[in-house]
Amino acid sequence: MSLLILEDVQKHFGAQEILRGASMRIDPGEKVGLVGRNGGGKTTLLRMIEGHEHPDWGSITLRKGATLGHVPQRPEFAPGVKVRAFVELGLEETRKALARLEELTRIMGEVEGPELERAVKEHDELHHHVELLGGYETERRVESVLRGIGLVPEFWEREARTLSGGEKSRVALARELVAGGDLILLDEPTNHLDLPGIEWIENWIRQLKSAVLVVSHDRRLLTNAVETIYELERGTLVRYTGNYAQYVRLKEERFTSDLRAYEEQQDFLRKEREFIKKHMGSQRTAEAKGREKKLQNLELVQAPFNDVRKPVIHPPKAERGGEIVLETRGLGAWFDPQKPLIQDLDLRIGRGERIGILGRNGAGKSTLLKILAGRREASAGVVELGHKAACGYYDQDTSELRDDGTPYTEIRRHWPQMTDQEIRNHLARFLFRGNDIDASVASLSGGERARLCLAKLTLSHPSWLAMDEPTNHLDLAARTSLEEMLGDFDGAIVCISHDREFLDGLCNRILEVDDGGVTSYAGNYSFWRERKAEEAGVASAEKARKAAAAPKPAPKAPEPEKKTQPGKIKNPWAFEKLEKKIMELEQERDTINASLVTEDVYRNAAKMKELQFRLAEIERDLGDANKQWEEWIA
């Protein structure tokens, strides 16, 4: 039975039609991605599923008894509530279920006959529900989620309402991930997360037993974590089986097939109408009338729709300068001298280089970019610009825009020599048309502000670009246009981005900012990821070799076997399963550790990386399982 069913849903805001017959089905455990243009109605659709909006027509049905989790766009916190305490509120249903399971275990030992059958049935159903909610590792799950999305222990006892906007969003996200539920709605969950957090939530979605409906512009997440794509286009929903990469292929195939069918029918209609016109009133009048009648009853194939609207972003003309864009020597940056963000950095950027800056949130990425772009003074060292080096800077906060202006006045203010028609033509390339050019900047959405900043950037003539999260707020079509523009740009590019697809397609060099140091890697994001895995594998192999070479302690006298008392164990059936899991994990761990010191493994980087990834997973799962085992013994 489907978990969520939308049938012929229609929604209007005044005269504007947002949805016009949208239908969708989500099954238990299904991972679904929702894509579409900014402003196309995706958030409205989620709000209707949540119950905050109501359809003008049609129905939205959530299976009876099913639980729904969603993250509010502007989370609110009561005074005095700490971060960890707020996240733990998501465990309320799990704790109630566990308490009832424990009660049922006691009841099953005291009753028999029909009462026992009813208790066993309820126990089995409740056990399945607990697993859906995340299993029995409730307290461990809170810490795992908080760390995974980048909220380190220093945050856990802070008052939630004192956090920044991005931190508040992550806390609200953590509570819903901890809570589990039958269906979880996620609207751009990777916003405010760094790359490790994005990869973590991608794996979390994949492993969840809950169904998930996720709205995202992160193509890598939609490729790696979902199995079904719904596209919201012109107010209707079209289902594509498969991930994002398959959706792109299937959409193109569907359009090609529909266009062929439409063109074939149009050709048939043209020939039939010519025949009717030619032979009506001749000896073949009866045949012409017959064909005319058939045409009147023919079901017409509609011309397929292919929305090709996207910003037409021409690359700015790069000023021809020297081969070196800029060079730093002994560069340092800090807010507190005791905790430097950047120190002793010697860096050279050449003309035409494409550099991506990576690092955890707060590591100093934006600070470094601003110093290189001349937007902030360095705390130490020097930055020397190359011959005719001029920087075009893109700020993710779009703070350069004046809220009291309009798209038209923003262009006029900086380029007064442009004619009225030139300004209108330029803004039209960025999808500002008609009355859009006179809209208040303060009323623009994040995506519209981003497009306006790009419109201004392309009118400048920089020799290189410094861009801080340029794909934020852009929909998939706009991201594609931006990538095409940057690919054609002649000058150097230095950018910060959490869009892995963007980094892979654009960059040929990665700078990793971590603990005050900056490490350079020649290659794109995927190459950097592989190198990091190899480094971790070598370090782990060295640790394993040292452990194998260390003298073994004298064996201890065997301890008397601990006998568990079934009457004091919460859920003995699950406990037996847990013990079996621990033994299997320990055996696999020992096997991998033994293989790591063999020559055929440590000389094979790919095999070493694969085993290291698996060993890390085993250690994590084993730690969680052992803690469960200890907590389950009464």
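Since the model is a prediction, treat every value here as computed from it, not as a measurement.
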Between Y521 and F527, is the gap from one ring center to the other below 6.0 Å? no
Assess whether a salt bridge exists between D420 and R424, defined as any Lys/Arg side-chain N lying under 4.0 Å from an Asp/Glu carboxylate O. yes
I'd like to know whether CH2 of W415 has more than 12 heavy-atom contacts from other residues, nucleotides or ligands below 6.0 angstrom. yes
Side chain to side chain contact (heavy atoms under 4.5 Å, CB included) between C495 and C507: does it pass, once the steps are laid out? CA-CA 9 Å; C495 67; C507 297; 4.2 Å; yes
I'd like to know if the side chain of T256 and the backbone of E252 have a donor-acceptor N/O pair within less than 3.5 Å. yes
Should E512 and R531 count as an ion pair when the cut-off is N to O under 4.0 Å? no
So, for H70 and H52, is the gap between ring centers shorter than 6.0 Å? yes
Checking side-chain polar atoms at under 3.5 Å, does N425 have a donor or acceptor matched by the opposite partner on Q421? yes
If the threshold is 4.0 Å, N to carboxylate O, is there a salt bridge linking D468 and K365? no
Identify whether the distance between the nearest side-chain nitrogen and carboxylate oxygen of E501 and R220 falls below 4.0 Å. yes
Run the side chain to side chain contact (heavy atoms under 4.5 Å, CB included) test on I510 and I357 for me, step by step, so that the C-alpha distance in whole Å, both residues' side-chain angles and the decisive distance to 0.1 Å come before the verdict. CA-CA 6 Å; I510 296 294; I357 301 179; over 6 Å; no
Mind checking whether L457 and M467 have side chains closer than 4.5 Å, heavy atoms only? yes
Taking the side chain as every heavy atom from C-beta outward, state whether L431 and R433 have any atom pair closer than 4.5 Å. yes
Does K370, at its NZ atom, have more than 12 non-hydrogen atoms belonging to other residues, nucleotides or ligands within less than 6.0 Å? no
Assess whether atom CD of E253 is packed by more than 12 heavy atoms of other residues, nucleotides or ligands within 6.0 Å. yes
Compute the ring centroids of H426 and F430, then answer whether they are less than 6.0 Å apart. yes
Can you tell me if H192 uses its side chain to pair, donor with acceptor, with the backbone of R170 under 3.5 Å? no
Do other residues, nucleotides or ligands put more than 12 heavy atoms under 6.0 Å from Q338 CD? no
Verify whether one side chain among D56 and Q10 offers a donor that lies under 3.5 Å from an acceptor in the other. no
Carboxylate-amine/guanidinium proximity below 4.0 Å for E400 and K456: yes
Please say whether the positively charged group of R376, taken as NZ for Lys or CZ for Arg, lies over the ring of F335, i.e. under 6.0 angstrom from the six-membered ring centre and within 45 degrees of the axis. yes
If you define the side chain from C-beta out and look only at heavy atoms, does anything of H217 sit under 4.5 Å from R479? yes
Side-chain donor-acceptor pair present, R509, S520, cut-off under 3.5 Å: yes
Is it the case that S164 and E167 place a side-chain donor and acceptor less than 3.5 Å from each other? yes
Test E410 against L452 for side chain to side chain contact (heavy atoms under 4.5 Å, CB included), laying out the working first. CA-CA 8 Å; E410 281 293 316; L452 180 54; 4.1 Å; yes
Run the numbers on I313 and T458 for side chain to side chain contact (heavy atoms under 4.5 Å, CB included), then give the verdict. CA-CA 8 Å; I313 309 177; T458 57; 3.8 Å; yes
Under-4.0 Å salt bridge between R219 and D504: no
Please determine whether a side-chain nitrogen of the Lys or Arg among R260 and E263 lies less than 4.0 Å from a carboxylate oxygen of the Asp or Glu. no
Tell me whether R451 forms a cation-pi arrangement with F432, defined as NZ or CZ under 6.0 Å from the six-membered ring centre and within 45 degrees of its axis. yes
Judged by atom type as modelled, is there a donor-acceptor pair below 3.5 Å linking the side chain of E483 to the main-chain atoms of T480? no
If you define the side chain from C-beta out and look only at heavy atoms, does anything of T328 sit under 4.5 Å from E384? no
Do the side chains of M418 and I411 get nearer than 4.5 Å, heavy atoms only? yes
Side-chain donor-acceptor pair under 3.5 Å between Y247 and E231, yes or no? yes
What I'd like to find out is whether the side chain of D218 reaches to under 4.5 Å of the side chain of R500, using heavy atoms alone. yes
Is it true that a side-chain atom of T236 and a backbone atom of E233 form a donor plus acceptor pair closer than 3.5 Å? yes
